[in-house]
Amino acid sequence: MSMTIATPLAAADKPRRRARKSRQWQGLLYIAPAIILVTIFFVIPVLFTVWMSFHNWPLLGQPSWIGLDNYIRMFSDTRFAAALSFTAYYTVIATIAIFALAFPLALFVQNERRGVSAYRTIFFLPVVVGLATASLLWVWLANVDSGLFSPILRAFGVTGRSANLLATFNNAFATIIVMVVWKIVGFTMIILLTGLQSIPSDLIEAARIDGASRWQRFRFLTLPLMRRTLALALILSVTGSVLAFDQFYIMTSGGPQNRMISVVYYIFNQSFVSFQLGYGSALSIVLLGILVALSVVQLWLLRVGDEK
Amino acid sequence: MANATGMALRQVRKSFGSTDVIHGIDLDVQAGEFVVFVGPSGCGKSTLLRMIAGLEEVTDGEISIGGRDVTDLDPSQRGIAMVFQSYALYPHMSVRDNLGFGLKMANTPKAEVETRVAAAAKILKIEPLLERRPGQLSGGQRQRVAIGRAIVRKPDVFLFDEPLSNLDAELRVSMRIEIARLHKELGNTMIYVTHDQTEAMTLADRIVVLRDGKIEQVGTPREVYENPNNIFVAGFIGSPKMNFIEGVVVDGGVAFSGRTIGLGYTPAEPGTAVTIGIRPEHIEVGDGGEATFSVGVDFSEYLGGTQYLYATLPDGQSLIIEHRENSDIGRDTSLTVSCDPGRIEVFSATGSRIGRQR
């Protein structure tokens with residue numbers, strides 16, 4: 001009896017299940033190109049880097065397995081510690097500087113006013129210049145004799161004689177921060193702008209009727225409603241800063257007294273100047289770990305994905 | 001009607017650049033009155049409401065609420081509360097925080113916020129929803145929360161901007177009744193914007209018919225229906241739309257489609273071209289009325305209780321007839337219909353109504 005009932009049910013079920021299965025294969029087919037690209041250009045290199053990090057891997061000659069020695073070595077590497085602390089310092093200052101300027105700019109170009117698209121374009125323009133190109137440009141701008149800043153500072157009587165902006169740590173660091181802000185702020189501004197524009201104007205009007213002041217509207221409506229956008233902009237900015245290399249390499253070559261060596265710069269030195277590829281790989285893996293951890297912390301702090 | 005407050009508009013104008021959208025509106029709203037702004041889209045009704053709310057700057061003129069000039073005051077200072085079409089609830093706050101947001105901004109003591117939120121929630125029966133987020137509510141519940149947020153502010157005047165447009169038909173009817181009940185309970189002055197004439201007719205103490213930023217007529221629902229000032233109001237109020245037929249004035253009546261109908265008065269100089277208006281619900285099938293004419297039915301719509309007959313007069317002008325009797329009238333039939341001449345309106349070429357006032 002039960003057989004006669006069960007048979008037609010199973011028969012009816014079969015074609016549907018087969019259809020679902022073929023749809024799953026179709027989905028896999030669609031994402032296959034992306035998977036292949038990510039595998040070839042990200043997963044395999046990362047795995048290979050991990051493999052290299054367990055070796056003493058000179059440029060010429062035979063690599064030899066040394067286990068975790070590269071990772072243990074890091075703990076007593078004072079230059080790596082210095083690079084880490086410099087990178088952290090740079091990341092904090094650069095991120096604060098970028099947000100401090102990008103937010104007002106985003107608020108400024110959000111309103112429909114005359115020439116707003118011109119402003120948006122002008123603020124965004126430096127973003128399309130490559131970072132290395134921008135660094136080279138600023139090396140010239142900061143040149144003692146033929147540059148722009150030094151003569152200007154002298155003409156206004158700020159400095160008595162020609163000043164080399166890149167000669168002392170503080171001036172060089174400030175110059176690099178200004179350059180990076182000039183270069184990046186347009187990008188952060190555009191991201192923040194999309195967040196601002198995604199807030200319905202009705203909400204702001206309802207808050208105006210509710211008697212919220214401009215600051216209260218920003219504090220209680222704009223900021224919380226931009227949480228996701230803020231997280232995106234923050235992670236991009238922090239990641240970009242932690243990975244900073246071009247500006248230090250090109251503008252200061254590691255800076256006065258080698259005090260501007262960022263982590264990536266240090267990895268570059270270890271790998272391609274000292275040719276300790278194994279140690280460079282280990283450092284890269286640690287940096288990757290640090291970045292993932294930072295992003296997780298930021299997502300958690302901004303409670304992204306915790307909507308409703 | 002204890003603490004209700006009236007409102008007055010004096011020569012209120014609004015222009016965006018060189019385009020005038022509101023042309024000198026004068027309006028007095030009595031304390032506790034339910035006034036509905038109605039008109040086709042683009043008539044300026046929402047703009048006018050937003051000007052009263054203070055969300056839109058007034059180019060010229062004066063708005064006063066409770067005898068106090070509020071023209072240049074901040075929206076929060078006007079003693080108004082507004083319910084938006086999109087509900088405009090704060091998505092990241094619980095219903096409780098949504099209701100209490102305005103009070104919190106005004107630094108109201110916590111205990112009072114609690115009591116007022118609880119009172120509003122009770123009126124609207126949304127107490128079980130207080131801890132939820134707007135995203136977890138249905139459209140009707142969101143609408144209640146939006147109204148609740150307005151109630152909590154204890155405003156002098158409630159402003160509604162097409163509050164039911166985003167709801168489905170069934171919910172719209174029940175929320176409409178809810179709003180009417182609320183008005184009775186609170187007794188506040190309410191201004192309500194809609195393009196739906198059923199909402200206007202059922203809710204309003206007085207209807208303000210707007211077109212192109214001008215008031216066409218202000219009156220009770222009965223006045224605007226039975227005594228329209230002009231052809232626009234006559235056509236806008238009532239469904240199906242009033243029939244408009246081209247005709248001429250004759251001595252003691254009008255003539256159209258080869259028929260002369262005595263109205264008992266001469267609307268204008270005989271021979272003047274006029275538009276004759278007859279509502280579909282005032283035409284009867286059969287020759288029971290005084291004025292009879294024959295039509296050909298092209299097709300009909302059956303609506304259960306009634307039937308709309310789409311007919312043509314002998315000279316080709318079209319006529320819609322609302323037929324309430326049970327007999328089914330099919331397409332391509334010839335009929336004799338009639339109506340009471342007292343129900344016939346006559347409009348001049350400029351659109352204003354002529355003839356005796358009832």
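Reminder, nothing fancy here: chain letters follow the sequence lines and each chain counts from 1. Everything numeric here is computed off the predicted structure, so don't read it as measured data. Side chains are part of it too, since the values below use all heavy atoms of this structure and drop only hydrogens, waters and symmetry mates.
Taking non-hydrogen atoms and a 4.5 Å limit, the residue list of residues 70-78 of chain B in contact with chain A, ordered by number, reads Asp74(B), Pro75(B), Ser76(B). Using non-hydrogen atoms only and a strict 4.5 Å limit, no part of residues 111-126 of chain B faces chain A. Near-neighbour residues of residues 194-208 of chain A relative to chain B, defined by a heavy atom under 4.5 Å from a heavy atom of that chain, comprise Asp202(A), Leu203(A), Glu205(A), Ala206(A), Ala207(A), Arg208(A).
Dense packing is recorded around CZ of Phe16(B), with more than 12 heavy atoms of other residues, nucleotides or ligands lying under 6.0 Å away. A 6.0 Å sphere centred on CZ of Arg181(B) holds more than 12 heavy atoms belonging to other residues, nucleotides or ligands.
In summary, the aromatic rings of Phe220(A) and Tyr90(B) are positioned with their centroids too far apart to meet the 6.0 Å limit. You'll find the ring centres of Tyr192(B) and Phe158(B) outside the 6.0 Å limit. For Phe103(A) and Phe218(A), the ring centers are positioned less than 6.0 Å apart. Taking the six-membered ring where the residue is Trp, the centroids of Phe248(A) and Phe86(A) are separated by under 6.0 Å.
Contacts of Ile80(B) with chain A are made by both backbone and side-chain atoms, with heavy-atom separations under 4.5 Å. Only the backbone of Ala81(B) comes within contact range of chain A, judged by heavy atoms closer than 4.5 Å.
A salt bridge links Arg144(B) with Glu178(B); the closest basic N to acidic carboxylate O contact falls under 4.0 Å. By the 4.0 Å N-to-carboxylate-O rule, Glu62(B) lies too far from Arg10(B) to be salt-bridged with it.
In this view, Phe123(A) satisfies the ring pair (Phe, Tyr, Trp, His ring centres under 6.0 Å) rule with no residue, not counting sequence neighbours.
With Ser237(A) as reference, Thr95(A) is the one residue of Thr95(A), Ile96(A), Ile191(A) to meet the side chain to side chain contact (heavy atoms under 4.5 Å, CB included) rule. Among Ile93(A), Thr91(A), Thr87(A), the one residue that satisfies the side chain to side chain contact (heavy atoms under 4.5 Å, CB included) test with Ser241(A) is Thr91(A).
In terms of modelled atom types and a separation under 3.5 Å, the side chain of His183(B) and the main chain of Asn188(B) share a donor-acceptor contact. Side-chain atoms of Thr5(B) never come within 3.5 Å of backbone atoms of Gly66(B) as a donor-acceptor pair (strictly under, hydrogens ignored).
With a 6.0 Å cutoff to the six-membered ring centre and a 45° limit on the axis angle, Arg113(A) counts as a cation-pi contact of Phe108(A).
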